[in-house]
Amino acid sequence: MSALWTLETLSVRQGSKTVLEAASLAVAAGEVVGIVGPNGAGKTSLLRAGLGLLPVTAGRALLSGQAVGALKPEQRARLVGYLPQERRAAWNLPARMIAALGAGDLPEAKADALARACLARVGAGDLAERGVLDMSGGERARVLLARLLATRAPLLVADEPVAGLDPDAQLLTLDLLRAEAAGGAAVVVTLHDLGLAARTCHRVVVISRGRVVAEGAPREALSKTVLADVFGLDGELVDTPAGLVLAARRL
Amino acid sequence: MSLIRLCLLMLLVLAAAVIAAVALGETPLAWGQYVQALTHPGSPPGEVLWTIRAPRVAVAALVGAALGLAGATMQGLLRNPLADPGVLGVSAVSGLGAAVAISAGLAVIPGAIELSALAGALVAGALVVALAARFREPEALILFGVALSAFGGALTALVFNLSPSPVAMAEILAWLMGSVQNRDALDALRALVPMAIGAALCVRAGEGLRMLTLGEEAARMSALPMARLRVYAVAGAALLTGAAVAAAGVIGFVGLAAPHLVRALVRDDPKRILWPSALAGALLLVLADLAARLIPTEQELKLGVVTALFGAPAFALLAWRAARSWRS
């Protein structure tokens, strides 16, 4: 199984502050990898550095084995789709045009058809003509997810895709991303909800102060010690009929 | 409505406005004189229509189209409905170029003021392009634009301050107020070349402007060569603005208002808004110039004064509405 995304000892310094310190990660097709960590731990920086959006001071990032810095925009767009944390749309474009932005490589008519299909997949088929600024946060999140799916990239990277969504929309979002992984894509998401991460991700990567401090299956990565040391929580993952949940209190 | 149908419809409206602007003016003509002008272009009524009014209307339409297109491009690039060529400081530096030329006594050389104004716009444009390549955040670009604008204004004031002759000062002031009075066909042709290049650049950047809807990061991760498209947009808007200032002096608010007139008709799409904005800008300026000629005043009103009188309240209204949408 070859890695679709490889980060080799990435370090990022901004001014005198170390944002990332020798962070490594390899993501293969078919898996959903969750990146968790406290606020300011470097989750977003890890994604951005790995995608070539942030200059790195050491290490390298590879997309399907090719150095990310050497890729042309259209080559990079074929290898990875990215859903940034920034959810603001500047203009009130109809949902189908927002979704079609994911398929910038296609002629307009084809991109439009693909956009409508992706909107239908995220359960927003009836929103196609509605302006994104006239939507609720949950509706807009679906449209942005449709844009991510429209990239048809083998690697999908989503920064906090469930932030601000109601529980149903959170589960729907992760179900859709899991379905993409089941279809052969590699999916990387950053999450704040540790229980949700444990339930939905095949593998969890814990980041603290710019370092990868734990990595593995949810139960191993989110062990009692990690919960205590990184998150300041006294707790553990508990098996329930609905999957793993986090039972914890502040230390 | 499809884009082509919208543009055709707007062209029809513009054509009607152009005909009205050529037909009407300070000198009232009788029906017989219109007929005479059509059949004998060399007759006195023909002179009024074809050598005084028609070139003036053509320059107004071209300048309006250039400013409208530049405004739509800047708004798309900066993802800000309040952006326009003035925001980038291009208008201010271009006006400074003209002021320096007039004060240096170059007005006697034909085309010197225009070239100086265009040079000023290109210098400002080059500065902005260099900055745009270095700083990707649109906010940074706006702040630099504000600084450039203030600096250009300060230097223009300095030229005023040091100007030895009151005649030159009056000339500079007239230029800064903007006008299409006494333009000939050659003026229209001279403006056409830089405007065509600028328009081509802006339209080429359209795809990138649309991609910027979801922010800088999403655009950078797209398949489009955003760095290049960004330079196209800034360079195109600078050329259009420079050519407009060279042809008619500093005329504000058209670049701001034109895109807003057509925004709803293209469903806010920053790419499809480009040509309709150009047509709306042309329409606005042809009508504003007609108003400047028809409003009975001792001194003919300056075009820039007319657009500012209508444009500033419109700007306030837009800012009011935008602030309300930001709050919610």
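Below, chain A is the first sequence line, B the second, and so on; all start at residue 1.
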Would you check, one step at a time, whether the test side-chain contact (heavy atoms from CB on, under 4.5 Å) holds for A:R76 with B:M221? CA-CA 7 Å; A:R76 184 168 65 176; B:M221 290 304 293; 3.7 Å; yes
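- Only the side chain of B:R263 comes within less than 4.5 Å of a heavy atom of chain A; its backbone N, CA, C and O stay farther away.
- Between A:L93 and B:D269 the shortest heavy-atom distance is CD2-CA, 3.3 Å.
- The 12-atom threshold is exceeded at CG of B:L12, counting heavy atoms of other residues, nucleotides or ligands nearer than 6.0 Å.
- Shown here for A:W91 and B:P270, the closest heavy-atom pair between the two residues is CD1-CG, 3.4 Å.
- Per-residue heavy-atom pair counts under 4.5 Å with chain B were compared for A:L83, A:D105, A:L51, and the maximum is reached by A:L51.
- Taking chain A as the reference chain and counting heavy-atom pairs below 4.5 Å, the highest number among B:G215, B:S222, B:P225 is found for B:S222.
- At most 12 heavy atoms of other shown residues, nucleotides or ligands fall within 6.0 angstrom of atom CZ in A:R211.
- In this structure, no portion of A:L133 lies under 4.5 Å from any heavy atom of chain B.
- If you take CG on A:L53 and CD on B:E216, they are separated by 11.0 Å, rounding to the nearest 0.5 Å.
- The candidate from A:P84, A:G104, A:A103, A:G131 with the greatest count of non-hydrogen atom pairs under 4.5 Å with chain B is A:P84.
- Contact annotation for A:R78: neither backbone nor side-chain heavy atoms come within less than 4.5 Å of a heavy atom of chain B.
- Interatomic distance, B:L214 CG to A:Y82 OH, rounded to the nearest 0.5 Å: 12.5 Å.
- Heavy atoms closer than 4.5 Å to chain B are found in the side chain of A:R147, but not in its backbone.
- Distance check: B:K271 NZ to A:E108 CD gives 4.5 Å after rounding to the nearest 0.5 Å.
- Counting all heavy atoms, side chain and backbone alike, B:D268 lies closest to A:N92 at OD2-N, 2.5 Å.
- When all heavy atoms of A:P73 and B:L224 are compared, the closest pair comes out as CB-O, 3.5 Å.
- Under a cut-off of 6.0 angstrom, the local environment of CZ in A:R152 is crowded, with over 12 non-hydrogen atoms contributed by other residues, nucleotides or ligands.
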May I have the step-by-step check of side-chain contact (heavy atoms from CB on, under 4.5 Å) for B:R267 and A:E129, ending in yes or no? CA-CA 10 Å; B:R267 302 233 31 205; A:E129 291 297 333; 3.3 Å; yes
